Amino acid sequence: MTTPESSSAGNFIREIVAQDLKAGKHGGRVVTRFPPEPNGYLHIGHAKSICLNFGIAQDHPGGICHLRFDDTNPTTENMEYVEAIQADVRWLGFDWDNRMFFASDYFEPLYQYAVQLIKKGKAYVDSLSADEIREYRGTLIEPGKDSPYRTRSVEENLDLFQRMRAGEFEDGTHVLRAKIDMASPNVNLRDPVLYRIRHVAHYRAGTKWCIYPTYDYAHPLSDAIERITHSICTLEFEDHRPLYDWVLDHVDVPCHPQQIEFARLNLSHTVMSKRKLLELVEKEHVTGWDDPRLPTLKGLRRRGYTPEAIRAFCEHIGVAKRDAVVEMALLEHFIREDLNRRAPRVMAVLQPLRVVIDNYPEGQVEQLEAVNNPEDPSMGTRKVPFSRVVYIEQEDFREVPPKKFFRLAPGQEVRLRYAYIIKCVGVVKDERTGKVVELHCTYDPETRSGSSQAGRKVKGTLHWVSAAHALEAEARLYDSLLMTDAGDTEEGRDWTTRLNPNSLERVTGCRVEPSLADAKPGSRYQFERQGYFCVDPDSSKDTLVFNRTVPLRDSWAKIEKARQEQ
RNA sequence: UGGGGGAUCGUCUAGUGGUAGGACGUCAGACUCUGGAUCUGACUACCUAGGUUCGAAUCCUAGUCCCCCAGCCA
């Protein structure tokens, strides 16, 4: 039945769906929907919802999931977002087939339902100002009071509402409200606004309308029109459920979908709210919506995340009703797991230190065989050139090596990956700064990889590139966006003070092996011993640009850190 | 002092009256031509106090703490 992979996928919502199905509640149908508002880009929190909604549909034979744009507010929405959202959902790996809908396509039936409500005496045109409506609403602990317009006749309401539609009134002069209960302890039931006047063009409906329905009114009806069975949303809509049900109970709709709420995703060390993401972009704390530091789908994609990793993450975090902050380390685990299996290995030196192998013949070049992925032999091997001068990583040499430093130091031996064992016999320093600028080593010709003496043990193996053959590259190393783990909702002090000033480190002058010459934007590699990297769209033939998706786990770094903290 | 929700390892999550389990993480070790991967072991939890019961994370009572709601946003 359930594979080990999917056994963790059970959750209370899937249980409800399964039980409803068993009870024949919706005639055996399972229809969910993902209902973004096209006023921003999707982030990994949306991915959780997408995986849930599309996932539930996929779980059941005949189950379907709609993509519906909740575009009832013409002042913030546009076509660019519609297209970007579609691209992101597709990239994530989900297909809505021909089931793409727009709330704006329902404006006419929505209007007719409103007329129904008015005729039943369940809605009225209010002519209070926005401020007055707020005052009349009361507070959380005091009941509201009825608007003086609440008792208008059905005829007058019908007339006024029709004239609202016809454009006879200015913005803000009238609204259509549900007639429920101004004294309800649930403020959402204190005669909520159903329609407001906005003399602005809608990006799809054009100037056909100057009244627009609110979310609370449009959403349940859109669900009903599409015959959604399970309308899954986040916790903050829990208080709205009585209103959702009220709307459907008072008009003549074909069905009554069930609203179910779950806790939205929070991720440590980053922000997820539209407001904060927008602020980061607008104040240029990041370069754009696809900045690889952002948890947007565009950002994660550019960073090198795979859809598979994001989906696996979404399956494993679970779905529940309690507020939670998932550690970024968990997301990183899933991208490492995915890329470990799939990413070809390659050698790249981020901060080069020149090494001259004194006893290696000048002008000689050997093509050494390197494994593309030890996890997957079918990925084959490649040749890497080796010559007398190579670069190694600056941090792989210490003039005074600390305990357990299994790398290069004066008099010490290490293996160069896929090549020879070398020994450090000389250190050249800059006279003024004292900085180590070059190493002299000797190599043992008997120790070439695969040869008879190759089995000789040394404690460390270093990655390297041949100086004469290396390509130049830039590496963009990312760290978490926020320094603390204070979550996404902290009040008071300006949250941007928690931004990590070192969230991006650009390293230029990197040297990478020549096999990377034709690396295409978007392709992912493991730079051995360092991390997973992805070719950035900024990359060109002249300068390769790599984004570090995530570093490899680094037990040496841990040892050093622990030592420092002592 | 209104209404609606929620509290289980550091984190996320299972459990639905019968041995509190998994994953991430952390620590220790094995292995390794990536200090990666892999493998082994260890680690730590039922918000509190009562009650019901042979037996309670689960049921009852009373507390405590946290989240959401007063847009003509969604």
Side-chain angles (χ1 to χ4, degrees), chain A residues 4 7-8 10-11 35-37 39 70 72-73 75-76 126 128-130 133-135 137-144 171-172 174-177 184-190 192-198 211-212 214-216 218-219 233-242 261 263 268 274 316-334 336-337 340-341 345 347 371 374-375 404-407 414-419 421 447 449-450 454-463 485 489 526-531 551-559 562:
Chain A
S7 61
S8 61
N11 60 57
E37 184 189 13
N39 72 344
D70 227 333
T72 56
N73 183 354
T75 58
T76 56
D126 195 1
L128 253 24
S129 71
I133 287 179
R134 191 181 317 116
E135 284 165 28
R137 185 153 36 224
T139 71
L140 293 179
I141 52 172
E142 293 161 336
D171 287 10
H174 306 277
V175 291
L176 185 74
R177 301 178 71 176
S184 172
N186 180 347
V187 292
N188 295 119
L189 263 21
R190 319 241 260 234
V193 170
L194 270 23
Y195 270 91
R196 69 281 210 187
I197 301 172
R198 288 254 196 293
I211 57 172
Y212 292 94
T214 57
Y215 166 87
D216 282 321
H219 204 87
C233 63
T234 43
L235 248 31
E236 68 269 26
F237 293 105
E238 216 154 13
D239 291 344
H240 296 239
R241 189 177 351 117
E261 311 84 11
S268 72
K274 255 178 200 174
H316 281 77
I317 54 176
V319 178
K321 296 197 73 160
R322 74 183 85 108
D323 291 308
V325 181
V326 176
E327 288 177 344
M328 189 62 90
L330 188 62
L331 215 210
E332 292 180 340
H333 161 76
F334 283 105
R336 284 197 188 101
E337 184 182 70
N340 177 49
R341 278 184 288 118
R345 272 59 171 173
M347 291 198 285
V371 173
E375 304 293 321
K404 290 189 183 171
F405 183 81
F406 305 145
R407 305 181 184 183
V414 292
R415 171 173 289 283
L416 293 181
R417 180 97 156 131
Y418 298 123
I421 290 174
T447 58
S449 282
R456 221 178 94 195
K457 295 288 182 200
V458 285
K459 278 186 279 188
T461 299
L462 306 187
H463 62 277
D485 200 359
T489 54
Q526 185 197 95
F527 288 2
E528 290 218 22
R529 303 209 305 134
Q530 302 195 102
L552 253 27
R553 297 184 75 224
D554 187 348
S555 49
W556 168 244
K558 275 183 203 166
I559 292 171

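What you see is a predicted model; the values in this text were computed from it and never measured. Each chain gets a letter, A, B and so on, in the order the sequences are listed, and its residues count up from 1.
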Ring centres under 6.0 angstrom apart (W556(A), F406(A)): no
Between R529(A) and H463(A), a side-chain donor and acceptor under 3.5 Å: yes
Given RNA chain B, 5'-ward residue of the pair T139(A) and D554(A), judged by closest heavy atom: D554(A)
D126(A) and H174(A): side chain donor to acceptor below 3.5 Å: no
S555(A) side-chain N/O to G36(B) phosphate OP1/OP2 under 4.0 Å: yes
CA sep, side-chain torsions, deciding dist, call: R198(A), D171(A), salt bridge (charged side-chain N to carboxylate O under 4.0 Å, His left out): CA-CA 5 Å; R198(A) 288 254 196 293; D171(A) 287 10; 5.6 Å; no
Nearest listed nucleotide, side chain of E327(A), among C24(B), C69(B), G36(B): C24(B)
Phosphate-side-chain proximity, R198(A) and C73(B), N/O vs OP1/OP2 below 4.0 Å: yes
Donor-acceptor pair (no angle test) under 3.5 Å: E261(A) side chain, G6(B) base: no
Length of the line joining R190(A):CZ and A70(B):C1', which is rounded to integer Å: 7 Å
K321(A) side-chain N/O to C67(B) phosphate OP1/OP2 under 4.0 Å: no
Separation of the C1' atoms in A42(B) and U58(B), to the nearest angstrom: 29 Å
Nearest-Å distance once atom P is located in both A28(B) and C65(B): 39 Å
Distance-only donor-acceptor test (3.5 Å): side chain R407(A), base G35(B): yes
Residue whose nearest RNA chain B nucleotide is more 5′ - I559(A) or H219(A): I559(A)
Aro-ring/base stack Y215(A)-A74(B), d under 5.5 Å, angle under 30°: no
Selection from A74(B), C73(B), A14(B) that lies nearest to any side-chain heavy atom of R322(A): A14(B)
Any donor-acceptor N/O pair under 3.5 Å between G3(B) base and D239(A) side chain: yes
Any residue meeting side chain to side chain donor-acceptor pair (under 3.5 Å) with N39(A), in chain and number order, not counting sequence neighbours: E37(A), K274(A)
Pairwise C1' distance, G6(B) and G17(B) [rounded to whole Å]: 23 Å
Rounded interatomic separation in angstrom, taking CD from E236(A) and C1' from C69(B): 10 Å
Distance, rounded to the nearest Å, where I133(A) contributes CD1 and A70(B) contributes P: 15 Å
Separation between the P atoms of U8(B) and C66(B), rounded to whole Å: 14 Å
Protein-nucleotide distance (N188(A), atom CG; G5(B), atom C1'), rounded to Å: 14 Å
Phosphate-side-chain proximity, R196(A) and C73(B), N/O vs OP1/OP2 below 4.0 Å: yes
Side chains of T75(A) and N73(A), donor plus acceptor under 3.5 Å: yes
Check the interface with nucleotides 21-23 of chain B: list each N/O to N/O pair with the protein under 3.5 Å, or write none.
none

Pair of N/O donor and acceptor under 3.5 Å linking U34(B) base with Q530(A) side chain: no
U44(B) and A23(B), which share atom name C1', separated by this distance in whole Å: 15 Å
Nearest-angstrom distance, P atom, C39(B) to C24(B): 10 Å
Y215(A) and F237(A) aromatic ring geometry - parallel, tilted or perpendicular at 30°/60° bounds: tilted
Assigned glycosidic conformation for G71(B) [threshold 90° from 0]: syn
Bracket notation of RNA chain B in which parentheses pair within the strand, [ ] cross earlier pairs, and | pairs with another strand (Watson-Crick or G-U, under 3.5 Å): .((((((..((((....[..))))((((((.......))))))...(((((..]....))))))))))).....
N or O in side chain of T72(A) less than 4.0 angstrom from A74(B) OP1/OP2: yes
Separation between the C1' atoms of G22(B) and U61(B), rounded to whole Å: 34 Å
R241(A) side-chain N/O to G4(B) phosphate OP1/OP2 under 4.0 Å: no
Short side-chain N/O contact to G71(B) OP1/OP2 from R137(A), under 4.0 Å: yes
Whether T139(A) side chain and E142(A) backbone form a donor-acceptor pair below 3.5 Å: yes
Side-chain N or O of R553(A) closer than 4.0 Å to phosphate OP1/OP2 of U34(B): no
Integer-rounded Å distance: C66(B) C1' and L235(A) CG: 12 Å
Distance-only donor-acceptor test (3.5 Å): side chain E142(A), base G2(B): no
